[in-house]
Amino acid sequence: MTGMSGKVSSEGVRTYKCRSIVKGAGKVSGEAIVSRGAMCFYLCDPQTGTVIERNHPIQGRSIAGKILVLESGKGSSVVQVDGFYQLWTKGALPGAIILREAEPVIVSAAVVVGTTMVDRVEGDVYELIHDGDFVEVDADAEEIRVGTDMLPLLKHGTPDKSS
Amino acid sequence: MYLTDEEKRILDGERGEGGRKAMELLVALGKTFDAEKLIPVTRTHVALSGQEGDTYWCELLVNGGATCKVPPSTNPSWDVENLTKLYEVTPEERELGVRTIDVYRRIGAKLTFNCAPGLGSNAPLFGEHVAFSESSATPYVNAVLGARSNRESSVSALAAAVIGKTPLYGFHLPQNRHGEFFVSVDAELNEPYDWGLLGYYVGRFAGSRIPVLSFRNLPRKPRPEEFLYFGAEAATSGAVAMYHFAGITPEAPTIEAAFGNKRIPEAELTVRSDDLAEQEATLSVANASGAINLVMLGCPQYSYDQLLETERLMEGRSVHSETAFWILTSVDTAELAARSGMRGRLEALGVRLAVDTCIDEPCWKSFEGGLGVTDSPKCAYYRERRGQPFVIRRLSECVNAAIRGKV
């Protein structure tokens, strides 16, 4: 699988199929942050969503409100669920999570707080999505849409919003 | 993933938001593992932790109208009523403790507060499909009892309890229960502590794989507590949820059977007494010595026989005045010990029993800053995270440390 998969619109928005695991809000968009490593959400500052795990690929950066592209989850279920919960109470969770590899604990944690979560994107997400891209995760349609600029994505979203 | 019409209706919220969320979790897990469908479970065990996120999940379900179809037994939290008379906690910690017990009561859990359900309070039979969380309970019911459980989290086990089902994947499928690597053991294994060391050692190499252990010169079969300690530690250093002891555990009448009658691999590990001695030496992160303020036993919770053994080793001597000696146990065991006279005799020596209580709870924080002694690597691992170093020693040495007030 390569970055050549998916469909490209005239405005440069690329659309890829994915699988919905947790619907959450259904459709969520935002700026991408890409973590080439698994995460334990307990090791985030709940006030800001900043990753505080030492030597983590995105240490020092905030995941709050972002579309988080993530390798997988790690850590025991108790701390992962509590990590999601603490971030959720402070409004510092990512808007949606795109997983390369689903595992039970992170999936359970996302259901508890209702975070939109998808996996099995057609193609390698690390090639398709980069830091700062604008991404819309549509768990209902099981699609993600990627653009370098937010505008086409918003336009794309217009017909759905009126329905 | 196939869902029946009834399951789909629950997922659409027909039984309220609580049922919908519980079903959503089971379906999400099923998808993650490509489960074909959901299957009924006959027992569940929830490792309630008293952490806020965990308690919130139970509140979300029960406030959404859910109750448990298969009432789960539960892990201990802590004995708020009695331990707050002795030890200080913050009002928030106390409130969360009360809230946790209350919400599990409301959802219809069987409040056993016992982390070793397989030894009595919720013991499945061979072949039963169950959903057990608590990392030490899952290997026990799988390997020792031959029941079928995945390594559940407290949230997924509670969802299974509410719906009465679990996705069909992992250890529920016979082909996933076979051994994945071979361990040859020729070591002295005399008491639960030794089996715990062996479990810790094997778990380091296992990851989440299924070990098959073959023993040489084993004088007798392991006792229930010894299986429990093996699994508890293998699930602490690794993620072991299933294992086989050749010629001992029910799905391993022979080494061949343990490997599903496939080719037996070369032994990846050979374990001797020296290896366990070395493991013991490196385990004790606190290789400190000196005054101790706490001896803590019962992670997993002590059985009646372990209490008897502790009393025997005390030999009528009293615990040092500067040291607290706590043994964590279940309410049934404490009651039996009380009516048999043992609890009174232990207390007269300064050995106290705490019921309904886990080592990893805020009630123990007054001991932080001092040195503790335990026979459980798992206890040391969790307490160290909270700020109290523990020296790990076998029971007889723990008892001597308690009497001398130092290690």
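Bear in mind the structure is a predicted one, so any value in this text is a computation, not a measurement. Within every chain, numbering begins at 1; the chains are lettered A, B, ... in the order of the sequence lines, protein sequences first and strands thereafter.
The greatest number of non-hydrogen atom pairs below 4.5 Å with chain B, out of V81(A), V22(A), V79(A), is found for V81(A).
With a threshold of 4.5 angstrom between heavy atoms, T32(B) approaches chain A through its backbone and through its side chain. Using a 4.5 Å cut-off between heavy atoms, L29(B) contacts chain A through both its backbone and its side chain. Contact of V105(A) with chain B is not made at all, since no heavy-atom distance falls under 4.5 Å.
Within residues 14-24 of chain B, the residues that have a heavy atom under 4.5 Å from a heavy atom of chain A are K21(B), E24(B), listed by number.
Side-chain contact between E103(A) and F33(B) is absent, with no heavy-atom pair separated by less than 4.5 Å.
Atom CG of residue D82(A) and atom OH of residue Y56(B) lie 12.5 Å apart, to the nearest 0.5 angstrom. Note that CG of L26(B) and OG of S108(A) are 9.0 Å apart. Values are rounded to the nearest 0.5 Å. Here the straight-line distance linking atom CG of D119(A) with atom NZ of K31(B) works out to 8.5 Å at 0.5 Å rounding.
Ring-centre distance between W57(B) and Y85(A): not below the 6.0 Å cut-off.
Counting heavy-atom neighbours within 6.0 Å of R94(B) CZ, excluding the residue itself, gives a total of 12 or less.
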